[in-house]
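To start, the structure itself, in structure tokens.
Letters go in sequence order (proteins before strands), and every chain restarts at 1. No experiment lies behind these values; they were computed from the predicted model shown.
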Amino acid sequence: MPELPEVETVRRGLEPYVTGARIDTVTLNRKDLRFPFPEGFAEALAGATIESTARRAKYLLFRLSTGKTWLSHLGMTGTWRFEDFKFKEPSRYYEPTEDRKHDHLVLELSHPQHGQMQLIYNDARRFGFMDLFGDDSESAYLNELGPEPLSNAFNAAEMAERFKGKKAPMKAALLDQRVVAGLGNIYVSEALHRAHIRPDLAAAKLVLKSGAPSKRLEDLADGVRTVLIEAIDAGGSTLRDFRAADGNSGYFQHRFAVYDREGEPCPTPRCKGVIERIVQSGRSTFFCPVCQH
DNA sequence: CCACTAACCTGTAGGC
DNA sequence: TGCCTACAGGTTAGTG
């Protein structure tokens, strides 16, 4: 489900209510999601206070008073929601309508201002997973990630280094979390459209012989940054069931230029193209064959 | 090392 | 209505 903007939206929804909350009880309704919960997971969370939240790529991180970090990846269908919790603004309270058979983890929290609440992880496909570690460098999931696209570590020169010699198409190169961390199927198509680059172009084509980034690669870095910033501002994209923890849905899907818009006119000014859908590495890619080259 | 495929799992939409 | 297929926001394991 969620790419970087959706995960950041989830984090922002959780942050004011979980920061400072103590985890009173931890109930695992099964022993695994995509992978088994780590050894001693429930015991390590119980009794701890959540001191802060963070995000790296598509990973949610909860920093605990015990010095441990608890990591949550949402896979395709993972969601966090509150229950038994009276929001001060009742309109923001999420009333789940679905059955609860995919509620895999239930935490009871107590917060000094917000009182008692349940925090529930639901994940129909169970592609999500969790981890627990002392230092970020201990986590296999965090170790190989490329730069955060909204940090200074991400720029065209840095992309050029990683694209150099890469025969893989742009689509695959941008989905590779070791190249840029946090893009997924939607925002790769959107970023490539913004930069007017075809998704089937070999990544190395955007690197000059000197190893320096081409102007087009600069445009791509800008496209990645702007689409992510705008999507975060819009609260992410809601396709099927994505919701922030407060129950609000995102609205960036209304601003997609190409994703899921096969057959529609290209939104680039004066472009007469029609959006096409192709399959790359088994997944849909959307692009304009006229203004992307 | 790179590139590609299959696999993990459930739900839903669309065609007949 | 039912049945069947294709497809869905991600990542890893296995192959060549």
field: Distance, rounded to the nearest Å, where A:Glu190 contributes CD and C:dG9 contributes P
entry: 12 Å
Residue-phosphate contact under 4.0 Å: A:Lys164 side-chain N/O, B:dC1 OP1/OP2: no
- prompt: In Watson-Crick or G-U wobble terms, both distances under 3.5 Å, what is the partner of B:dC9?
  reply: none
- request: For A:Arg178, answer base if it contacts any base atom (sugar-phosphate contacts may also be present), sugar-phosphate if it contacts only those atoms, and nothing otherwise; contact means non-hydrogen atoms under 4.0 Å.
  value: nothing
field: Whole-Å gap separating P (B:dC2) and CG (A:Asp176)
entry: 9 Å
task: Determine the Euclidean distance between corresponding P atoms of B:dG14 and C:dG9; express it in Å to zero decimal places.
output: 16 Å
query: A:His102 side chain: which of C:dG9, C:dA8, B:dG11 is closest?
result: B:dG11
Side-chain N or O of A:Thr77 closer than 4.0 Å to phosphate OP1/OP2 of B:dG11: no
- prompt: If you check every side-chain atom of A:Tyr259, which of B:dT10, C:dT12, C:dG9 has the closest atom?
  reply: C:dG9
task: Give A:Tyr141 one of three labels, base, sugar-phosphate or nothing, depending on what nucleic acid heavy atoms sit under 4.0 Å from its own.
output: sugar-phosphate
query: Does the ring of A:Phe127 lie flat against the base of B:dC9, closer than 5.5 Å centre to centre with planes under 30°?
result: no
message: Any donor-acceptor pair, under 3.5 Å, between the side chain of A:Arg34 and the base of C:dT11, if you only look at N and O atoms?
response: yes
Length of the CG-P vector between A:Leu33 and C:dT11, whole Å: 15 Å
- request: Check the surroundings of atom CZ in A:Arg22: do more than 12 heavy atoms from other residues, nucleotides or ligands lie under 6.0 Å from it?
  value: no
task: Pick base, sugar-phosphate or nothing for A:Gly184, based on heavy-atom distances below 4.0 Å to the nucleic acid.
output: sugar-phosphate
query: Distance between the P atoms of B:dA6 and C:dA6, in whole angstroms?
result: 14 Å
statement: By nearest-nucleotide position on DNA chain B, the 5'-leaning member of A:Arg125 and A:Pro169 is A:Pro169
message: Could you tell me how far C:dC3 sits from B:dC9 if I compare only their P atoms? Round to whole Å.
response: 24 Å
message: Using Watson-Crick or G-U wobble geometry with both distances under 3.5 Å, which nucleotide pairs with C:dG9?
response: none
- prompt: Do A:Lys164 and A:Glu161 meet the salt-bridge criterion of a basic N to acidic O distance under 4.0 Å?
  reply: no
Length of the line joining A:Leu175:CG and B:dC4:C1', which is rounded to integer Å: 14 Å
field: Residue that, paired with A:Val7, satisfies side chain to side chain contact (heavy atoms under 4.5 Å, CB included) out of A:Lys58, A:Arg12, A:His73
entry: A:Lys58
- prompt: Should the pair A:Asp123-A:Arg126 be classified as a salt bridge under the 4.0 Å nitrogen-to-oxygen rule?
  reply: no
- request: Decide yes or no, distance alone: a donor-acceptor N/O pair under 3.5 angstrom between the base of C:dA8 and the side-chain of A:Arg283.
  value: no
task: Output the single nucleotide from C:dT12, C:dG10, B:dG11 whose closest atom is nearest the side chain of A:Phe35.
output: C:dT12
query: Closest to the A:Lys58 side chain: C:dG10, B:dG11, C:dC7?
result: C:dG10
field: First of A:Val279 and A:Leu183 reached from the 5' end of DNA chain C, by closest nucleotide
entry: A:Val279
field: Any A:Gln177 side-chain nitrogen or oxygen under 4.0 Å from OP1 or OP2 of C:dT11
entry: yes
field: Backbone of A:Ile186 reached by a side-chain donor or acceptor of A:Glu3 within 3.5 Å
entry: yes
message: Would you say that A:Thr268 contacts A:His196 through its side chain, given a criterion of any heavy-atom pair below 4.5 Å between the two side chains?
response: yes
field: d(NE2, A:His73; P, C:dG10) in whole Å
entry: 8 Å
task: Write down the distance between CD (A:Glu262) and P (B:dG14), rounded to a whole number of angstrom.
output: 14 Å
task: Would you mind telling me which of B:dT10, B:dG11, B:dT5 lies closest to the side-chain atoms of A:Arg126?
output: B:dT10
- prompt: Does CZ in A:Arg30 sit with more than 12 non-hydrogen atoms of other residues, nucleotides or ligands closer than 6.0 Å?
  reply: yes
- prompt: Which nucleotide, C:dG9, B:dT5, C:dC7, lies nearest any side-chain atom of A:Ile186?
  reply: C:dG9
message: Under 4.0 Å from OP1 or OP2 of B:dC1: is there any side-chain N or O of A:Lys166 that close?
response: no
Separation of B:dT12 C1' from A:Asp260 CG (nearest whole Å): 14 Å
- request: Quickly work out the A:Asn122 CG to B:dG11 P distance and round it to whole Å.
  value: 10 Å
